[in-house]
Protein chains: 2
Amino acid sequence: MRDRDAVDDFLDQWAALRTDLDLGAMGTIGRILRLSRLVGGHLKDYFAEHGMETWEFDVLATLRRNGTPLTAKELAASVMIGSAALTNRIDRLVARGLVAREPVPGNRRSLHIALTDEGRDLVDRTVEGHMRNQQRILAGLDDDDREDLSRILRTLLVSLGDTR
Amino acid sequence: MRDRDAVDDFLDQWAALRTDLDLGAMGTIGRILRLSRLVGGHLKDYFAEHGMETWEFDVLATLRRNGTPLTAKELAASVMIGSAALTNRIDRLVARGLVAREPVPGNRRSLHIALTDEGRDLVDRTVEGHMRNQQRILAGLDDDDREDLSRILRTLLVSLGDTR
DNA sequence: GGCTAACCTTTCGACGTCGAACTATCTGAC
DNA sequence: GTCAGATAGTTCGACGTCGAAAGGTTAGCC
């Protein structure tokens, strides 16, 4: 009897108030936004246990999985932040010795952001636990649901233009 | 061949690098987080056209759909922010005349946050467009997918304890 | 009745993001 | 060659959130 979430409650409230509204989309989007906050909190907890911030892992892992070095611009796009925020992140990762700014041959406007050995080790030490943590977060879904969920979210992302 | 999203790309990169990792959960969670940013951006655009911030609508709509007045604490929980951030939001909504702080009969620790007529009108003027905007955001999904998505997200939310 | 612990809101300082302005570099057209 | 416009990254100020501490209020217990 506990298969109602918080969103169901507020959909009911709207339905009682305004019978003219089509609430379906609101429920779905409300759930995406709430989940992102909830999931983000769990990720934060995991990384905090390992002395880092989610955004740090985010940058380091992006560099790690990319064979070739990324420019600042590509990196910012990949983690979905603006260039100003990226400058800030890189500053701090450089200060921690996890990353280095390198010139791009043939284009002095751009910068390559490169993992240091230390940065690389840090990612490699923490990915696995991160994966386990993510599996725990999704533990409430069975295999079919998990697969359907990924597929539908992919469709939605593509329809919104999220293709790299 | 365009049914791949950005997440597919980085899953492939990880797969090429570390065959030992189980990447399924990472894909799903990556998609939830990316979607939330993308969707949040679209919501922001809509509200900006109407001279308000998403967080303003969020608070006002929560009050609107709740018949009975909410305490600051309940309100904060409902919109998933901390009490400090709520104090800040209420301050600004009071300054705009959209909301008022009222004493709670019989408990001087709490406060009721009440919509003013103006606040109520603002919500009522903007909900409908907000609904249409949300439908546009989900336009890339067919009815079955939309229904499945809502159901699975609900299951996940419930499993993470999001029951008001 | 008076103390202690729990509770609710506000204040404070730190943090991370954003958009806009700025600097430096590159491109293409003439 | 040079000059206008595009492009890359940084700086700046404003904004919104957070956690921790503080302030005021209430409930429970002896």
Side-chain angles (χ1 to χ4, degrees), chain A residues 33-34 36-45 47-49 51-60 62-63 69-96 99-114, chain B residues 33-34 36-45 47-49 51-60 69-96 99-114:
Chain A
L33 298 178
R34 290 183 80 85
S36 130
R37 283 187 156 271
L38 241 39
V39 168
H42 286 288
L43 298 188
K44 176 173 182 162
D45 291 344
F47 289 117
E49 285 169 20
M52 62 196 301
E53 306 288 335
T54 304
W55 64 259
E56 293 183 295
F57 182 85
D58 206 15
V59 171
L60 298 177
T62 301
L63 294 171
L70 287 170
T71 63
K73 183 184 167 124
E74 294 166 331
L75 190 48
S78 192
V79 297
M80 295 181 99
I81 59 175
S83 54
L86 187 72
T87 295
N88 182 33
R89 290 192 184 186
I90 301 303
D91 283 349
R92 298 146 140 260
L93 289 171
V94 168
R96 285 194 56 183
V99 128
R101 289 181 166 95
E102 295 178 349
V104 173
N107 186 353
R108 285 186 299 172
R109 284 178 299 188
S110 291
L111 284 176
H112 274 157
I113 314 299
Chain B
L33 298 179
R34 290 184 80 86
S36 132
R37 281 186 157 271
L38 241 38
V39 167
H42 286 289
L43 299 187
K44 176 173 183 165
D45 290 344
F47 289 118
E49 286 169 19
M52 61 197 300
E53 306 287 335
T54 304
W55 65 258
E56 293 182 295
F57 182 85
D58 206 16
V59 171
L60 298 176
L70 287 169
T71 64
K73 185 188 167 119
E74 293 166 330
L75 190 47
S78 193
V79 297
M80 297 182 98
I81 59 176
S83 54
L86 187 72
T87 296
N88 181 32
R89 289 191 183 186
I90 301 303
D91 284 349
R92 300 147 138 258
L93 290 171
V94 168
R96 284 193 55 183
V99 129
R101 288 182 166 95
E102 295 178 350
V104 174
N107 186 352
R108 284 187 300 171
R109 282 179 299 190
S110 291
L111 284 176
H112 274 156
I113 313 298

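Lettering follows sequence order; numbering is per chain, from 1.
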Worksheet item: Between atom CG in L75(B) and atom P in dT17(D), what is the gap in whole Å?
Response: 12 Å
Worksheet item: Would R89(A) and W55(A) satisfy side-chain contact (heavy atoms from CB on, under 4.5 Å), going step by step from the backbone distance to the final call?
Response: CA-CA 8 Å; R89(A) 290 192 184 186; W55(A) 64 259; 3.4 Å; yes
Worksheet entry | Gap between atoms CE and C1', on M80(B) and dG16(D) respectively (whole Å) | 17 Å
Worksheet item: Does OP1 or OP2 of dT17(D) have a side-chain N or O of R92(B) closer than 4.0 Å?
Response: no
Item to complete: Calculate the interatomic distance between N107(A) atom CG and dA6(D) atom P; express it in whole Å.
Response: 17 Å
Discussion item. Closest-nucleotide mapping onto DNA chain D: is L86(B) or A85(A) further toward the 5' terminus? I mean the 5' end.
Written reply: A85(A)
Practice prompt. Examine the base of dT7(D) for any acceptor or donor lying under 3.5 Å from a partner atom in the side chain of R109(A), and report the outcome as yes or no.
Written response: yes
Fill in: Side chain of K73(B) (C-beta onward), nearest among dG16(D), dT11(D), dT9(C)
dT9(C)
Worksheet item: Within the structure, does a side-chain N or O atom of R108(A) lie under 4.0 Å from either OP1 or OP2 of dC26(C)?
Response: yes
Worksheet item: When all nucleic acid strands are considered with a 4.0 Å heavy-atom cut-off, which category describes S83(B): base, sugar-phosphate, or nothing?
Response: base
Worksheet item: Rounded to whole angstrom units, what separation is found between the CD1 atom of I90(A) and the P atom of dG9(D)?
Response: 10 Å
Fill in: Selection from dC18(C), dT9(C), dG9(D) that lies nearest to any side-chain heavy atom of A84(A)
dC18(C)
Worksheet item: Between dT9(C), dC18(D), dC26(C), which nucleotide gets closest to the side-chain atoms of T87(B)?
Response: dT9(C)
Without placing hydrogens or testing angles, list every side-chain donor-acceptor pair under 3.5 Å for residues 106-113 of chain B, not counting sequence neighbours.
{"unit_1": "N107(B)", "atom_1": "OD1", "unit_2": "R109(B)", "atom_2": "N", "d": "3.0"}

Fill in: Short side-chain N/O contact from R89(A) to OP1 or OP2 of dG9(D), under 4.0 Å
no
Worksheet item: Whole Å only: how far is the CG atom of D91(B) from the C1' atom of dT9(C)?
Response: 11 Å
Worksheet item: Roughly, in whole Å, what's the span from CH2 in W55(B) to P in dC18(C)?
Response: 18 Å
Worksheet item: Which residue, E53(A) or T71(B), contacts DNA chain C at a nucleotide closer to its 5' end, judged by nearest heavy atom?
Response: T71(B)
Item to complete: Please report, rounded to the nearest Å, how far the P atom of dG13(C) is from the CG atom of N88(B).
Response: 15 Å
